[in-house]
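Lettering of chains follows the sequences in order, A, B, ..., and the numbering in each one begins at 1. As the structure is a computational prediction, the values presented were derived from the model and not from experiment.
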Amino acid sequence: MSEVNENTMPPNFIKEIIDEDLKTQKYNRVHTRFPPEPNGYLHIGHAKSICLNFGLGKEYGGLTNLRFDDTNPTKEDVEYVDSIKEDVKWLGFDWEDRLYFASDYFDTLYEYAIKLIKKGKAYVDSSPFEQIKVERGAPTKPGVESKYRKRPIQENLELFEKMKNGEFEDGVHVLRANIDMASPNMNLRDPILYRIRHAEHHRTGNKWCIYPMYDWAHGQSDSIEGITHSICTLEFENHRPLYDWFINELEIHHPRQIEFARLNLNYTIMSKRKLLRLVEEKHVSGWDDPRMPTISGLRRRGYTPESIRNFADRIGVAKRDNVIDISQLEYSIREDLNAKAMRVMAVLTPIKVELINYPESQVELLEAINNPEDISMGTRQLPFSRELYIEANDFQEVPHKKFHRLSPGNEVRLRYAYIIKCEEIIKNQDGNIEKLLCSYDIDTKSGTGTSDKKVKGTIHWVSAKHSINAKVRLYDRLFNVPAPDSDKENDFIKYMNPDSLITIENSKVEPYLKNAKPGERFQFERLGYYCVDSKESSSDNLVFNRTVTLKDSWAKIENKS
RNA sequence: UGCCCUAUGGUGUAACGGUAACACAGAGGCCUCUGGAGCCUUGGUUCUGGGUUCGAAUCCUAGUAGGGCAGCCA
């Protein structure tokens with residue numbers, strides 16, 4: 001697990017509120033929490049929240065809990081609990097011994113409910129589902145009080161206990177708070193606290209058949225844990241008065257809730273439901289498919305925890321709706337990997353080059369720099385011989401006017417090696433290039449300074465007989481429109497990018513990569529950042545995933561003309 | 001025809017009543033044995049109209065626009 005860097009996050013309105021609360025002694029400590037529901041995998045939007053909550057805890061010398069809000073047994077599963085824990089850890093955060101579950105508080109919550117009933121602030125409603133829905137009214141229309149609203153306290157107590165004891169079928173009764181059916185805030189129109197659900201819970205098993213609603217459980221859970229600042233997304237702003245009402249009626253510790261705008265990224269989707277659909281309908285290989293915006297997907301794609309944390313800091317926190325450009329995320333990973341990734345030679349789509357004036361059996365070992373951004377990473381030896389592979393698109397038979405690479409009669413430098421000149425093109429019967437016959441200039445060996453010949457381009461290469469095969473997966477954005485789920489007419493599936501994954505079976509990589517470990521990240525010179533696939537790669541069957549390309553200014557020049 | 005929230009360059013975020021800053025993207029240029037990296041240059045009548053003030057992106061007010069709220073989901 002990597003360390004969280006010491007940089008503090010940029011100023012934001014939440015820090016201002018906390019500063020103020022500390023100054024006024026509203027609280028004398030900072031305690032936050034990250035409260036996911038274990039019903040899906042975490043995505044980059046959750047990463048923003050995790051970085052925020054844990055970042056605040058760290059920055060103020062406080063604490064941050066990990067708490068699962070597992071109040072709906074029909075949707076939750078331990079698979080999700082495990083993946084969420086792994087993701088939070090991988091991002092570099094530590095909840096220490098403070099791993100909690102809302103289900104830990106089911107007993108307390110039950111007692112709290114009884115307290116409310118005794119105060120006449122909650123009642124058992126035996127109206128059918130539809131009745132309750134109709135009586136709730138609409139945003140512009142006040143609700144109507146239930147005929148069970150004035151049920152005697154003793155009867156409520158007895159019914160509620162029977163609900164708990166499993167004496168009723170699902171849906172027969174609910175426990176409701178007694179607040180205000182005419183409130184302009186719908187959340188205050190006698191919200192449901194408990195519903196009957198004869199379902200097995202992933203932690204409490206069959207102990208309960210009544211389960212608290214999120215609204216009833218969430219605020220009290222924060223209170224029980226002594227949370228000072230409950231940070232959540234904007235849609236809970238209207239729920240805050242309800243949470244305040246509960247806390248006040250119960251007379252328990254009062255956390256301060258602060259809402260912020262969730263992350264939106266273009267060219268992807270963030271809805272858990274839709275991500276689940278991609279997985280279930282097999283549009284992707286799983287939650288950790290490298291094209292998914294999930295944390296596990298980004299991890300398998302080759303993103304580093306540091307890059308995600310830096311991204312979270314850079315995009316900031318505010319209350320207005322936002323759509324972050326995906327290039328911002330890509331910038332963060334390039335920035336990190338540029339500093340850290342070892343450079344390596346890999347030819348994705350090879351064409352053969354034969355150096356006609358290079359001795360048949362000669363092999364030279366050339367020194368290559370592992371990372372020009374970090375010379376402490378040293379150098380390595382690169383075998384060079386008469387037969388090489390170069391990238392197919394580094395050769396143009398009829399070169400574009402600004403093309404600086406190899407073309408007939410033209411010279412180019414082979415990185416860390418010699419300058420070569422294309423003398424002849426050998427084609428097969430179909431007219432496809434079989435190989436290029438080139439000459440090399442012995443006086444131009446890299447590092448010798450024996451020639452002052454200048455050449456416009458430098459290309460990467462690999463020695464044919466020393467290279468090893470690799471499978472390379474080129475990943476691109478999953479959708480080809482900026483907002484795939486904003487179209488009300490068309491399903492978002494329609495906007496999936498058919499070229500989001502292109503697999504190349506026979507790429508040639510330098511021999512150093514033979515021992516590359518799963519998850520290890522490299523820069524393939526002039527191409528991009530790649531990592532060894534953590535699931536399917538082995539030393540005799542290398543599989544690389546493209547994390548992100550290098551910035552490609554040539555592509556822009558090419559597109560312009 | 002209700003309540004709540006929001007409004008700063010293309011996208012984000014900052015500026016805390018003293019005259020708009022930073023990052024990404026875009027466009028130019030320099031440099032380069034990665035067309036990478038790095039460096040330089042280049043964008044805003046701060047949603048609109050009033051008001052308060054010597055002074056407003058910041059405060060007040062009225063509009064306008066966008067988002068949220070009618071699960072026994074979270």
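A:Tyr416 comes within 4.0 angstrom of a nucleotide base, judged by non-hydrogen atoms across all strands. Heavy atoms of A:Pro139 sit under 4.0 angstrom from at least one base atom. In this structure, A:Glu373 reaches the bases: a heavy-atom distance under 4.0 Å links it to at least one base atom across the strands shown. Among the atoms of the strands shown, base atoms are found under 4.0 Å from some heavy atom of A:Phe403. Residue contacts shown for A:His239 include a base, since a base heavy atom lies under 4.0 Å away. Using a 4.0 Å heavy-atom distance criterion, A:Pro36 is classed as making no nucleic acid contact. Looking at heavy-atom distances under 4.0 Å, A:Asn238 makes contact with a base. Counting any heavy atom pair closer than 4.0 Å across all strands shown, A:Ala138 reaches a base atom. If you check every strand for non-hydrogen atoms under 4.0 Å, A:Phe236 touches a base. Across all strands shown, A:Arg343 has heavy atoms under 4.0 Å from base atoms, whether or not it also approaches the sugar-phosphate. Among the protein residues, A:Gly447 comes within range of the nucleic acid bases, having at least one heavy atom under 4.0 Å from a base atom. Counting any heavy atom pair closer than 4.0 Å across all strands shown, A:Asp215 reaches no nucleic acid atom. Within the nucleic acid shown, A:Ser127 comes within 4.0 Å of at least one base atom, counting heavy atoms only.
Counting atom types as modelled, A:Arg320 pairs a side-chain N or O with a base atom of B:U8 as donor and acceptor under 3.5 Å. Residue-to-nucleotide contacts include no donor-acceptor pair under 3.5 Å from the side chain of A:Glu259 to the base of B:G68.
With hydrogens and angles left out, the side-chain atoms of A:Ser332 and A:Asn310 include no donor and acceptor closer than 3.5 Å. No side-chain donor from either of A:Asn410 and A:Lys421 sits under 3.5 Å from a side-chain acceptor of the other. In summary, the side chains of A:Ser183 and A:Asn185 do not present any donor paired with an acceptor at a separation below 3.5 Å, with no hydrogens or angles considered. For the residue pair A:Ser126 / A:Arg151, a side-chain donor-acceptor distance below 3.5 Å is found, with atom types taken as modelled.
Between A:Thr140 and B:C3, a side-chain N or O to OP1/OP2 separation shorter than 4.0 Å is absent. Considering only side-chain N and O atoms, A:Lys133 lies nowhere under 4.0 angstrom from the phosphate OP1 or OP2 of B:C72. A:Arg176 has no side-chain polar atom (N or O) that falls below the 4.0 Å cut-off from OP1 or OP2 of B:C72. Taking 4.0 angstrom as the limit, A:Arg195 places a side-chain polar atom (N or O) nearer than this to OP1 or OP2 of B:A74.
To the nearest angstrom, P of B:G36 lies 17 Å from CD of A:Glu335. A:Glu330 places its CD atom 17 Å from the P atom of B:G12, with the value rounded to the nearest Å. The interatomic distance linking A:Met181 (CE) with B:C69 (P) rounds to 18 Å, in whole Å. Between the CZ atom of A:Arg262 and the P atom of B:U6 there is a distance of 17 Å, given to the nearest Å. Rounded to an integer number of Å, the gap from A:His404 NE2 to B:U34 P is 13 Å. Across the protein-nucleic acid pair, A:Tyr267 atom OH and B:G12 atom P stand 14 Å apart, rounded to whole Å.
Listed candidates were B:U13, B:U34, B:G35. Nearest to the side chain of A:Ile557 is B:G35. With distances taken from any side-chain atom of A:Lys319 to the nucleotides B:A14, B:U6, B:A74, the minimum falls on B:U6. The side chain of A:Glu235 lies closest to B:A74, out of B:C4, B:A74, B:G36. Listed nucleotides B:C69, B:A37, B:C72 differ in distance to A:Met186; the shortest reach to its side chain belongs to B:C69. Set against B:A14, B:C72, B:U34, the side chain of A:Phe129 has B:C72 as its closest nucleotide. When distances run from any side-chain atom of A:Arg136 to the nucleotides B:A37, B:U13, B:A70, the shortest one goes to B:A70. Comparing B:G36, B:G35, B:A74 by their nearest atom to the side chain of A:Thr71 picks out B:A74.
Looking at residues 268-277 of chain A, you'll see that no heavy atom sits under 4.0 Å from any atom of RNA chain B.
When the P atom is compared between B:C24 and B:U41, the two are found 14 Å apart, to the nearest whole Å. On the P atoms, B:G26 is 12 Å away from B:G36, given to the nearest whole Å. Rounded to the nearest Å, the gap between the P atom of B:A27 and that of B:A14 is 28 Å. Going from the C1' atom of B:G43 to that of B:C22 covers 14 Å, rounded to whole Å. A gap of 15 Å separates the P atoms of B:A15 and B:A57, to the nearest Å. The gap from the C1' atom of B:C73 to that of B:G2 amounts to 24 Å, rounded to the nearest Å. Rounded to whole Å, the C1' atom of B:G68 lies 23 Å from the corresponding atom of B:A62. Here, B:A25 and B:G12 have their P atoms 15 Å apart, quoted to the whole Å.
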Tabulated below should be each protein N or O lying under 3.5 Å from an N or O of nucleotides 43-46 of chain B; please produce it.
none

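A 4.5 Å side-chain heavy-atom check between A:Tyr418 and A:Leu414 finds every atom pair outside the cut-off.
Between A:Lys445 and A:Glu364 a salt bridge is recorded (basic side-chain N to carboxylate O distance below 4.0 Å).
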- request: Mark up nucleotides 19-27 of chain B, 5' to 3', with B wherever a protein heavy atom is under 4.0 angstrom from a base atom, S wherever such an atom reaches only the sugar-phosphate, and - elsewhere.
  value: ----SSSSS
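Heavy atoms of other residues, nucleotides or ligands lying less than 6.0 angstrom from CG of A:Leu276 number more than 12.
Annotation: A:Tyr267 is not in aromatic contact with A:Phe479 [ring centroid separation under 6.0 Å not met].
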